[in-house]
Amino acid sequence: MDYLQINGGRKLGGNVIISGAKNAALPIIAATILSDKDVTLTNLPNVVDIRTLLKLLTMLGGKVEHEGTTAKINNGSITSTKAVYEIVSQMRASILVLGPLLARFGECEVSLPGGCAIGQRPIDLHLKALEAMGAKIEIKGGYVRAEAHEGLHGAKIIFDKITVGGTENIVMAAALAKGVTTIINAAKEPEVVQLCEMIADAGVKIEGIGTNELTIYGTDRKPLTFKPVEIIPDRIEAGTYLCAGAITGSVITLNKVDERHIRASIDKLETMGCRFDLTQDSITIYPPQKIKPVNITTIEYPGFPTDMQAQFMALTVMAKGESIIEERLFENRFMHVSELNRLGADIWLKGNIAAVKGVDKLYGADVMATDLRASSALVLAALVAEGTTNVRRIYHLDRGYDDLEGKLSALGADIVRKKEVK
Ligand code: UD1
């Protein structure tokens with residue numbers, strides 16, 4: 001198993017190119033199931049989750065040519081509609097094949113993803129919505145078995161909670177359903193918007209893109225022909241590099257980034273004393289001498305993203321004063337607290353609220369990554385900790401950060417990937 005060894009205290013500087021968004025690419029790869037023709041995707045990030053989902057497509061019988069940041073996919077040859085446990089257990093987002101498989105083939109079996117480190121993460125809302133569209137669903141042997149042999153039909157779906165994956169699954173299912181589907185309380189994250197635009201560009205009429213109410217006019221099982229899609233920049237990766245600039249007191253420029261998607265993070269960084277130069281596709285951060293504390297509540301887009309909560313907590317650890325961070329989306333997304341405290345942070349936790357008292361110094365230690373974004377928070381803290389920090393279990397990081405150590409090294413960090421000696 002690999003780990004990252006970081007010697008803290010280095011000033012960073014220079015430019016970093018932001019990769020394509022993992023969370024946009026995953027539903028878009030799943031959406032290719034709605035087509036039986038070639039689909040070309042570009043600007044894919046080089047991360048494990050993308051390779052896992054592409055592997056799932058090949059296991060279903062699809063053809064995938066994947067090189068660098070481009071994949072050419074043809075799902076005209078799909079022979080199986082079963083997404084097996086071995087893949088779904090590696091990556092929860094595999095549940096995104098449920099909607100498109102069911103809509104195109106009238107049946108499928110997808111392993112139940114189960115919980116994960118950050119919480120239970122049920123899929124009840126996905127299933128309830130598909131049932132409203134005419135699917136017969138049973139859970140057996142750890143699998144969701146769904147049938148709609150006559151095809152899915154349009155329906156009015158009201159989500160009790162805003163769900164990104166649920167909205168994506170239902171948009172994909174609705175694209176091939178018979179009639180009109182309305183989704184009320186839909187997610188409007190940029191990744192949902194790009195999926196809707198891809199489907200709309202294939203000729204499916206979708207009203208309300210980017211709002212909380214989507215209306216989709218289905219094709220009654222006619223497969224789609226997609227135009228090539230260039231994946232949008234990763235707003236979470238971008239936010240993480242802004243935090244790297246802020247925590248190390250370094251001027252960093254992000255290239256190939258869309259500032260409209262990261263306004264919530266920029267806003268909080270401004271409160272913490274950072275200044276910015278923004279152009280159409282670049283952001284330069286100018287941090288203050290000493291960052292100020294901030295209060296954060298995670299909420300759906302365009303509010304402050306839960307996927308940036310851990311990284312901002314690492315920042316508040318180094319702020320002058322006390323910050324309060326409230327996690328509203330996932331019940332157990334504070335696993336990084338005890339690891340940050342091992343580096344010398346002063347964080348007090350009660351339920352879904354963390355009180356962070358800024359400290360003057362952190363000290364390197366061995367720490368363990370617990371989930372994807374928690375891992376990057378530990379790396380950020382290690383960049384300023386005195387001495388050496390070893391961040392273990394970085395397979396979490398590899399799921400979602402494209403070449404984190406390469407990009408940080410190029411900015412001047414002392415960070416190397418090492419192999420655990422047994
Ligand atoms: C996606 C993102 C993840 C991000 C999250 C919230 C991808 C691949 N992952 O995850 O990085 O942290 O959005 O922005 O895009 N819920 C239910 N029942 C359901 C579905 C969800 O109760 O059927 C709950 C969840 O437990 C959670 C909340 O709704 O509390 C939001 O989850 P959701 O938006 O669905 O997250 P994901 O799509 O899994």
Side-chain angles (χ1 to χ4, degrees), residues 20-31 44-45 47-50 52-53 56 88 90-99 110 112-132 137 139 144 157-173 183 185-196 212 231-232 234-237 239-240 261-262 264-265 297-312 326-336 352 371-377 396-397 399-401:
K22 167 184 87 73
N23 286 357
L26 292 172
I28 281 172
I29 291 170
L44 290 169
V47 298
V48 171
D49 273 8
I50 297 300
T52 305
L53 193 56
L56 174 58
V88 182
Q90 284 175 43
M91 186 186 62
R92 290 183 45 83
S94 321
I95 196 67
L96 290 170
V97 300
L98 178 64
V110 179
L112 269 177
C116 70
I118 65 173
Q120 284 185 46
R121 303 184 80 177
I123 54 159
D124 56 316
L125 301 173
H126 304 228
L127 303 185
K128 204 172 142 211
L130 289 172
E131 279 174 338
I137 291 180
I139 311 276
V144 178
I157 311 293
I158 305 176
F159 280 127
D160 291 345
K161 250 187 194 176
I162 297 180
T163 159
V164 173
T167 304
E168 291 165 344
N169 240 332
I170 300 312
V171 166
M172 291 187 275
I183 307 175
N185 210 20
K188 52 183 182 187
E189 271 65 2
E191 296 77 21
V192 177
V193 170
Q194 188 171 35
L195 173 72
C196 289
N212 284 137
I231 304 300
I232 57 170
D234 193 316
R235 63 193 168 102
I236 306 303
E237 189 197 24
T240 305
H261 297 164
I262 50 175
S265 293
T297 301
T298 65
I299 196 163
E300 295 85 3
Y301 188 85
F304 188 88
T306 175
D307 286 350
M308 284 303 304
Q309 181 255 104
Q311 300 89 316
F312 268 78
E326 183 180 356
E327 171 58 52
R328 289 236 183 121
L329 271 87
F330 294 109
E331 66 274 15
N332 201 20
R333 202 169 200 177
F334 275 139
M335 308 274 282
H336 40 284
N352 67 335
D371 70 66
L372 173 55
R373 306 305 170 183
S375 321
S376 58
H396 292 292
L397 270 179
R399 284 189 37 222
Y401 280 95

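Just follow the structure's listing: the first ligand is 1, and inside any ligand the first atom is 1.
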Taking non-hydrogen atoms only, is F330 closer than 4.0 angstrom to ligand 1 via side chain, backbone, both or neither? side chain
Any nitrogen or oxygen of N23, main chain or side chain, under 3.5 Å from a nitrogen or oxygen of ligand 1? yes
At less than 4.0 angstrom from any non-hydrogen atom of D307, what atoms of ligand 1 do you find? 3 (C), 4 (C), 11 (O), 12 (O)
Numbering the atoms of ligand 1 from 1, which are under 4.0 Å from a heavy atom of L329? 6 (C), 27 (C), 30 (O)
Quick one: do the H396 and D371 side chains pair a donor with an acceptor below 3.5 Å? no
Show the atoms of ligand 1 that are less than 4.0 angstrom away from any heavy atom in K161. 22 (O), 24 (C), 29 (O), 30 (O)
Check R333 against ligand 1 and report side chain, backbone, both or neither, counting heavy atoms closer than 4.0 Å. side chain
Could you pull out all residues at least two apart from Y401 that satisfy ring pair (Phe, Tyr, Trp, His ring centres under 6.0 Å)? none
Using a heavy-atom cut-off of under 4.0 Å, does the side chain or the backbone of V164 touch ligand 1, or both, or neither? both
Which ligand 1 atoms are under 4.0 Å away from a heavy-atom of I123? 19 (C), 23 (O)
Do T306 and R333 get their side chains close enough for a donor-acceptor pair, meaning under 3.5 Å? yes
Below 4.0 angstrom from a heavy atom of T306, which ligand 1 atoms are there? Numbered from 1 as shown, please. 6 (C), 12 (O), 14 (O)
Heavy atoms of L26 and A93 approach each other most closely as CD1-CB, 3.8 Å
Tell me whether N352 contacts the main-chain N or O of E327 through its side chain, where contact means a donor paired with an acceptor under 3.5 Å. yes
Do M91 and L53 come close enough that some side-chain heavy atom pair is under 4.5 Å? yes
Q311 versus T240, side-chain donor and acceptor atoms under 3.5 Å: yes
Between D307 and I236 (side chain of the first, backbone of the second, donor and acceptor by atom type, cut-off under 3.5 Å), is there such a pair? no
Side chain, backbone, both or neither: which applies to I162 and ligand 1 if a contact is any heavy-atom pair less than 4.0 Å apart? backbone
Does K22 reach ligand 1 with a nitrogen or oxygen that is under 3.5 Å from one of the ligand's nitrogen or oxygen atoms? no
For G165, the ligand 1 atoms with a heavy-atom partner under 4.0 Å come out as 35 (O), 38 (O)
Counting heavy atoms only, name the option from A129, A21, P122 that's nearest to atom 16 (N) of ligand 1. P122
Exercise answer: donor-acceptor pairs, residues 185-196 side-chain atoms, under 3.5 Å, sequence neighbours excluded:
from: N185; atom 1: ND2; to: F159; atom 2: O; distance (Å): 2.9
from: E189; atom 1: OE2; to: Y301; atom 2: N; distance (Å): 3.2
from: E191; atom 1: OE1; to: R235; atom 2: NE; distance (Å): 3.3
from: E191; atom 1: OE1; to: R235; atom 2: NH2; distance (Å): 3.0
from: E191; atom 1: OE2; to: R235; atom 2: NE; distance (Å): 2.8
from: Q194; atom 1: OE1; to: I232; atom 2: N; distance (Å): 3.1
from: Q194; atom 1: NE2; to: E230; atom 2: O; distance (Å): 2.7

Regarding ligand 1, does L125 bring an N or O atom to under 3.5 Å of one of the ligand's N or O atoms? yes
Heavy-atom contact under 4.0 Å between R121 and ligand 1? yes
Checking contacts here: is it the side chain or the backbone of H126 that comes within 4.0 Å of ligand 1, counting heavy atoms only? Could be both or neither. both
